[in-house]
There are 2 protein chains.
Amino acid sequence: MSEAIRELLKKNHMSVTDSRLQILDLFYHAPGALAHADIEKKASDKIDRVTIYRTLQTFEEKGIIHTIPSSDNSVKYALCKDQCAAGHHHDNHVHFVCDNCSKTICLDDVLVPEVKLPGGFEPHQSNMVVNGLCNECRS
Amino acid sequence: MSEAIRELLKKNHMSVTDSRLQILDLFYHAPGALAHADIEKKASDKIDRVTIYRTLQTFEEKGIIHTIPSSDNSVKYALCKDQCAAGHHHDNHVHFVCDNCSKTICLDDVLVPEVKLPGGFEPHQSNMVVNGLCNECRS
DNA sequence: ATAAAATTTGCAACATAATTGCAAAATTGT
DNA sequence: ACAATTTTGCAATTATGTTGCAAATTTTAT
Ligand SMILES: [Mn+2]
Ligand SMILES: [Mn+2]
Ligand SMILES: [Zn+2]
Ligand SMILES: [Zn+2]
């Protein structure tokens, strides 16, 4: 189990360290996406803020996690599923943010639809975030 | 010209003050969306940081400007087109962020497409941001 | 036009978030 | 077990955002 996490680090040519194992473990068990602050709180064995910043940045560069944009200066991060490699993300799925519980969820099966842009614009990557009530909060 | 801006403030029941006129003027002449920092720099007659924060918040509440989400903790703002009223925005258009010049542009004519969500999710609002090369940077 | 009332502004103080350099600690390869 | 490399934590610094309050400005009433 924790073995899978070690492998992920190895596969991406990263040293396996306590902080990284711990942070990855948080992502694997989290109900939704995590913000820097969430990690700072949840990390059992306290990790320095700076280390968290650097770890998130490295994970993002290696294609292990991706960022989820927000309108309130609170970027969140979530695990990439598969084909994301260093420098080349392919997370073209929709994200959902619950207005009630404020959980942020990757809708891995809902792909971001293509849109026709005005002439001259060349699209590289699209992000779509839907706000509303999540499946749990609507019950 | 500046008269139109005064009218906009009046129409929204706001006192017309120097700061507000100046900031609105910036938006009307800007090539793209503006971040708080942009306004702080561009304001000819220096406006206090706090006033900028408060002005942006008020404009947003009144439906004069809307926020554009980002993946790097730097929300931008742009003018609303029309039917946005206090507390009820209707800016359901796509936004474009240029990877080269990093301009952020409202594609007012490109509507955010609907997506079918998994059962139980109730959508309220959608945002879509496309990255790539803008019309100017591709030439 | 003037004065009173209401709103907005700027300053100071504070709080939180993010970045950088560097030495100590941990990890990796031999 | 050792040397080389990488990562971590701390301190210092900078950037970003919030709040209370008195002074200034704008609006409304006279
Ligand atoms: Mn995702
Ligand atoms: Mn817009
Ligand atoms: Zn919810
Ligand atoms: Zn461009």
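Predicted model, so just to flag it, every value in this text is computed and none were measured. In what follows, chains carry the letters A, B, and so on, assigned in the order in which the sequence lines appear, proteins first and then strands, with residues in each chain numbered from 1.
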Nearest listed nucleotide, side chain of [X], among [options]:
X	options	value
Y53(B)	dT26(D), dG9(D), dT18(D)	dT18(D)
D18(B)	dT26(D), dT16(D), dT7(D)	dT26(D)
N73(B)	dT8(D), dT6(D), dA18(C)	dA18(C)
V16(B)	dT27(D), dT28(C), dT7(D)	dT27(D)
R20(A)	dT7(D), dG10(C), dT9(C)	dT7(D)
T51(A)	dA18(C), dC10(D), dT8(D)	dT8(D)

Take the protein atom [atom1] of [X] and the nucleotide atom [atom2] of [N], then report the distance between them rounded to whole Å.
X	N	atom1	atom2	answer
I52(B)	dT16(D)	CD1	C1'	13 Å
K10(B)	dT7(C)	NZ	C1'	15 Å
Q57(B)	dT8(C)	CD	C1'	14 Å
K62(A)	dT6(D)	NZ	P	11 Å
R6(A)	dT27(C)	CZ	C1'	11 Å
L9(A)	dA26(C)	CG	C1'	15 Å
K76(A)	dA17(C)	NZ	P	13 Å

Using heavy atoms to find the nearest nucleotide of DNA chain D for H36(B) and T58(A) separately, return the residue whose nucleotide is more 5′. T58(A)
If you assign each of M14(B) and D48(A) to its closest nucleotide in DNA chain D, which residue comes earlier from the 5' end? D48(A)
Rounded to the nearest 0.5 Å, what separates atom CG in N73(B) from atom CG in N73(A)? 5.5 Å
Would you say the side chain of R54(B) and the base of dG17(D) hold a donor-acceptor pair, judged only by whether the two atoms sit under 3.5 Å apart? no
Side chain of R49(B), base of dG10(C): donor and acceptor closer than 3.5 Å? no
Please check the phosphate of dT7(D) (OP1 and OP2 only) for any side-chain N or O of T55(A) closer than 4.0 Å. no
Hey, which of these two, S19(B) or V50(B), hits DNA chain C nearer its 5' end, going by closest nucleotide? S19(B)
Take the C1' atoms of the five end pairs on each side of the helix from dA1(C)-dT30(D) to dT30(C)-dA1(D), derive the two axes, and give their angle rounded to 10 degrees. 40°
